[in-house]
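Worksheet for the structure shown next.
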Amino acid sequence: MKKIAVYPGTFDPITYGHIDVVERSLKIVDKIIIAVSGFQRKNFLFSVEERVKLIKEVFKDKKEVEVESFDGLLVDYLKKKNVKIVIRGLRAISDFDYEFQMVLVNRKLMKDIETIFLMPREEFFYISSSIVKEIVKLNGNISCFVPKNVEVALREKIKGGNNAKSEKKTFKK
Ligand code: COA
């Protein structure tokens, strides 16, 4: 029987850290479904459709990687997909409290879920999507943090889009 896992997250946008976690997961499971949460808990830069599209482009040659969005609770999505394995990346001790809370809450909501934590390569330990966005805003080089398609999309969004305008407004005296 094929082992399938769901890797949920917001992926705003996907970074090499996430990609590393996907590649590691594929050593353990046969197929991974990257589930992009559309739930508006954060202020997203990319729409859920844009985030899904960027991830699909990254994994276009990997047939064992599926990419989808989901809206409600993670446990409902898992039930719908009939998947009981969740993958999460664990970068530092600071991730632990939140991840621990999430595992316990999800387990309360659906008792037969197992969460596997994978540690990305050391050079990706300190990356987060927010940091990558900040570097772009400050004209830094992000080519070592995100794939080319994501870099292009970030620059277009941040430099060419409404974000740049609204930031100017905020800081105007
Ligand atoms: N490499 C680099 N960065 C990583 C990373 C890795 N391996 N793993 C996580 N990150 C970063 C992300 O980029 C993100 O950075 P940001 O905050 O700067 O955007 C941050 O760590 C958080 O990661 P993410 O995996 O997106 O977690 P999240 O807390 O935003 O989302 C969900 C977690 C979507 C899985 C969770 O909120 C969820 O299940 N939502 C559905 C609703 C639900 O069921 N709620 C009850 C759950 S308890």
Side-chain angles (χ1 to χ4, degrees), residues 4-29 32-55 58-59 65-81 83-138 140 142-147 149-151 153-154 157-158 163:
I4 305 176
V6 163
Y7 177 25
T10 46
F11 306 101
D12 187 42
I14 188 161
T15 67
Y16 280 136
H18 299 120
I19 294 169
D20 186 69
V21 169
V22 171
E23 280 163 0
R24 278 169 206 283
S25 313
L26 288 172
K27 294 182 191 158
I28 305 172
V29 297
I32 181 153
I33 305 173
I34 303 181
V36 184
S37 170
F39 181 59
Q40 199 71 33
R41 214 185 66 196
K42 298 178 180 176
N43 255 337
F44 293 122
L45 178 64
F46 292 100
S47 68
V48 70
E49 293 80 13
E50 288 169 326
R51 285 177 275 144
V52 166
K53 180 174 170 275
L54 289 172
I55 305 172
V58 170
F59 292 107
V65 178
E66 210 177 275
V67 191
E68 269 188 5
S69 62
F70 75 104
D71 272 327
L73 285 172
L74 177 63
V75 288
D76 290 335
Y77 179 74
L78 293 170
K79 282 178 198 155
K80 190 176 111 191
K81 303 303 281 185
V83 172
K84 290 176 180 155
I85 308 171
V86 173
I87 302 281
R88 293 285 291 167
L90 202 56
R91 292 161 300 165
I93 297 286
S94 52
D95 282 347
F96 186 76
D97 272 357
Y98 174 61
E99 294 296 337
F100 188 63
Q101 186 187 16
M102 231 169 48
V103 168
L104 294 181
V105 171
N106 282 332
R107 198 181 278 168
K108 198 85 190 157
L109 298 172
M110 181 179 163
K111 65 175 183 313
D112 51 353
I113 306 180
E114 291 305 336
T115 304
I116 301 176
F117 292 103
L118 295 171
M119 284 169 72
R121 282 216 314 261
E122 306 81 81
E123 59 260 49
F124 303 136
F125 256 45
Y126 53 89
I127 315 181
S128 75
S129 299
S130 304
I131 285 184
V132 171
K133 286 180 271 196
E134 187 170 313
I135 299 172
V136 175
K137 283 182 190 160
L138 300 172
I142 50 161
S143 59
C144 53
F145 301 133
V146 295
N149 68 323
V150 176
E151 185 180 346
L154 269 168
K157 195 64 129 180
I158 290 176
N163 270 314

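Both counts, for ligands and for their atoms, begin at 1 and track the order of listing. Sequential numbering from 1 along the given sequence is applied to the chain's residues.
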| said: What I want to know is whether L73 and ligand 1 share at least one N or O pair that is separated by under 3.5 angstrom. | reply: no
| Is there a protein heavy atom at a distance of less than 4.0 Å from atom 34 (C) of ligand 1? | yes
| field | Test item, F70 contacting ligand 1 (heavy atom, 4.0 angstrom) | value | yes
| remark: Quick note on ligand 1: atoms under 4.0 Å from a heavy atom of V21 include exactly 7 (N)
| task | From the options G89, S130, P120, select the one whose nearest heavy atom is closest to atom 18 (O) of ligand 1. | result | S130
| said: Distance under 4.0 Å to a non-hydrogen atom of G72: what atoms of ligand 1 satisfy this? | reply: 41 (C), 42 (C)
| said: I'd like to check D95 versus F117 (side-chain heavy atoms, cut-off strictly below 4.5 Å). Are they in contact? | reply: no
| note | A student checking ligand 1 against N106 at a 4.0 Å heavy-atom cut-off should list atoms 47 (C)
| task | Assess Y77 for proximity to ligand 1: is some non-hydrogen atom of it under 4.0 Å away? | result | no
| How are the rings of F11 and Y7 set to each other: parallel, tilted or perpendicular (split at 30° and 60°)? | perpendicular
| request: Report, in ascending order of atom number, the atoms of ligand 1 lying under 4.0 Å from any heavy atom of Y98. | output: 29 (O), 33 (C), 37 (O)
| note | Ranking N43, T10, V86, V75 by closest non-hydrogen atom to atom 24 (P) of ligand 1, top hit is T10
| Would you say S37 has any N or O atom under 3.5 Å from an N or O of ligand 1, going by distance alone? | no
| request: Output yes when a side-chain donor or acceptor of K133 lies under 3.5 Å from a complementary backbone atom of D12, and no otherwise. | output: yes
| request: From atom 7 (N) of ligand 1, work out which of G9, A35, G17 has a heavy atom at the shortest distance. | output: G17
| field | Option whose closest heavy atom lies nearest to atom 32 (C) of ligand 1, chosen from E134, R51, R88 | value | R88
| query | Is the shortest heavy-atom distance from the side chain of F39 to the side chain of L73 under 4.5 Å? | reply | no
| Pair K80 + D76, salt bridge at N-O below 4.0 Å | no
